[in-house]
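Treat the numbers as computed from the prediction; the structure is a model and nothing was measured.
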Amino acid sequence: KGHRGGEAETVLGRWLASRGNRQELVIATKCRGKMWGGPGGEGLSRDHILRACDDSLRRMNIETTDLYQFHWFDDAVPLEESLGAVGELIAAGKVRHFGVSNYPPERFRALVEAGERVGVPVSSLQPHHNMVHRAEFEAELQGICVQRKIAVIPYSPLAKGFLTGKYERGGPKIQSSRANGVKEYQTATGWATLDAVREVAAKHATTPSAVSLAWQLAQPGIAASIVGANTPWQLADQLPAVDLALDREDLERLNRVSAPPA
């Protein structure tokens, strides 16, 4: 609230300058939202994409971003114009790979096919996906990504904290900025899924967060989960997922209990 846009990139740029570790990182950023006033201040026009990318690189004090993404679609601009701008950025060495987030299946398929035609392939998709929010991605988008070998990097893999196990049926209200958004997950299926996650976590002597992330990483097409942590302790709950290998019984149980309605 109260941000003008680009603050996170500025902070990252300062951190990179202090550490000198750019080559050790994969850096991704996005364009689409309003960043300045007047014509072209938002959207996916050629002018906006080119200027927004230059602004992002300047704020981060880097020459190239590894992944440049469209945050959501723009009906007002032809796909060929938007993709052409990305092609210019790739040719100029300012962008290495191109991806999108929040695209529904029909728009995503159209973009992927247009990208193939003009030589600007879509490398990644960032969808909303977790164990208690599966249908939106798995119904169609997952198949497109697996078929085209497009990397999937889901956001909200822990369902705004619901899958960390910090919520209880009838328990005290959690005071956090995301607590209201968790209500969509507090269904009969959601609670049953959380029970199963906790039991699998106990079996492996690990955390519900690690189990939830390991489950996601085991799904077809998933390349990485976009995690977030407010404290070092929250991150410590999540990191064991990297080395956690759920067995077939675990995955079958979690898939079964969390399955969306047919």
Side-chain angles (χ1 to χ4, degrees), residues 1-33 35-36 48-71 85-102 120-130 145 149-158 160-161 164 177-178 206-207 209-210 212-214 216-219 221-245:
K1 185 177 180 180
H3 291 174
R4 295 190 301 174
E7 287 85 353
E9 291 176 333
T10 300
V11 171
L12 177 60
R14 292 171 181 165
W15 183 83
L16 288 170
S18 69
R19 295 295 184 95
N21 59 347
R22 168 66 182 97
Q23 298 307 313
E24 300 174 18
L25 305 173
V26 175
I27 296 178
T29 192
K30 296 175 179 173
C31 70
R32 169 61 175 92
M35 295 299 293
W36 61 87
H48 180 84
I49 292 170
L50 297 183
R51 176 176 166 183
C53 183
D54 283 343
D55 287 349
S56 290
L57 295 177
R58 174 181 48 77
R59 284 189 290 265
M60 292 186 285
N61 194 29
I62 59 178
E63 295 180 353
T64 305
T65 186
D66 299 296
L67 177 64
Y68 200 54
Q69 303 161 97
F70 293 168
H71 205 152
V86 174
E88 290 183 52
L89 292 171
I90 293 173
K94 296 179 180 181
V95 167
R96 291 196 174 97
H97 299 282
F98 162 62
V100 298
S101 65
N102 299 308
V120 182
V122 178
S123 296
S124 69
L125 171 69
Q126 183 180 318
H128 180 191
H129 177 256
N130 55 58
C145 291
K149 293 183 170 55
I150 295 170
V152 182
I153 47 176
Y155 67 86
S156 196
L158 295 177
K160 299 180 181 178
T164 67
S177 60
R178 297 185 176 183
T206 191
T207 66
S209 296
S212 300
L213 293 170
Q216 185 174 77
L217 293 170
Q219 304 308 304
I222 305 295
S225 300
I226 299 176
V227 300
N230 292 324
T231 68
W233 297 275
Q234 290 179 353
L235 186 60
D237 270 354
Q238 300 168 15
L239 288 178
V242 176
D243 300 313
L244 177 59

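Annotation: the span from Leu12 atom CG to Ile62 atom CD1 amounts to 7.0 Å, rounded to 0.5 Å.
Contact of the Phe98 side chain with the Leu67 side chain is not registered, since no non-hydrogen atoms from C-beta on lie closer than 4.5 Å. Residues Leu158 and Leu213 meet the side-chain proximity criterion, which asks for heavy atoms closer than 4.5 Å. Taking the side chain as every heavy atom from C-beta outward, Gln126 and Lys30 approach each other to under 4.5 Å.
Listed by chain and residue number, nothing satisfies the ring-ring contact (aromatic ring centres under 6.0 Å, His included) test with Tyr68 (two or more places apart in sequence, or in another chain). In this structure Thr64 satisfies the side chain to side chain contact (heavy atoms under 4.5 Å, CB included) test together with Arg96, sequence neighbours excluded. Not counting sequence neighbours, His71 has no partner by the ring-ring contact (aromatic ring centres under 6.0 Å, His included) test. Every residue was checked against the side chain to side chain contact (heavy atoms under 4.5 Å, CB included) condition with Asp243, not counting sequence neighbours, and none meets it. Looking at residues two or more places apart in sequence or on another chain, you find a ring-ring contact (aromatic ring centres under 6.0 Å, His included) between Trp36 and His48.
For residues 53-63, the set of pairs meeting the salt bridge (charged side-chain N to carboxylate O under 4.0 Å, His left out) definition, not counting sequence neighbours, comprises Glu9-Arg59, Arg51-Asp55, Asp54-Lys94, Asp55-Arg58.
Looking at Thr65, its side chain never comes within 3.5 Å of a backbone N or O of Val95 through a donor-acceptor pair. No donor-acceptor pair under 3.5 Å is formed between the side chain of Gln69 and the backbone N or O of Ser124. Proximity of a side-chain donor or acceptor of Arg22 to a complementary backbone N or O of Leu25 within less than 3.5 Å is detected. Judged purely by atom type and a 3.5 angstrom limit, Asp237 has no side-chain atom pairing as donor or acceptor with the backbone of Thr207.
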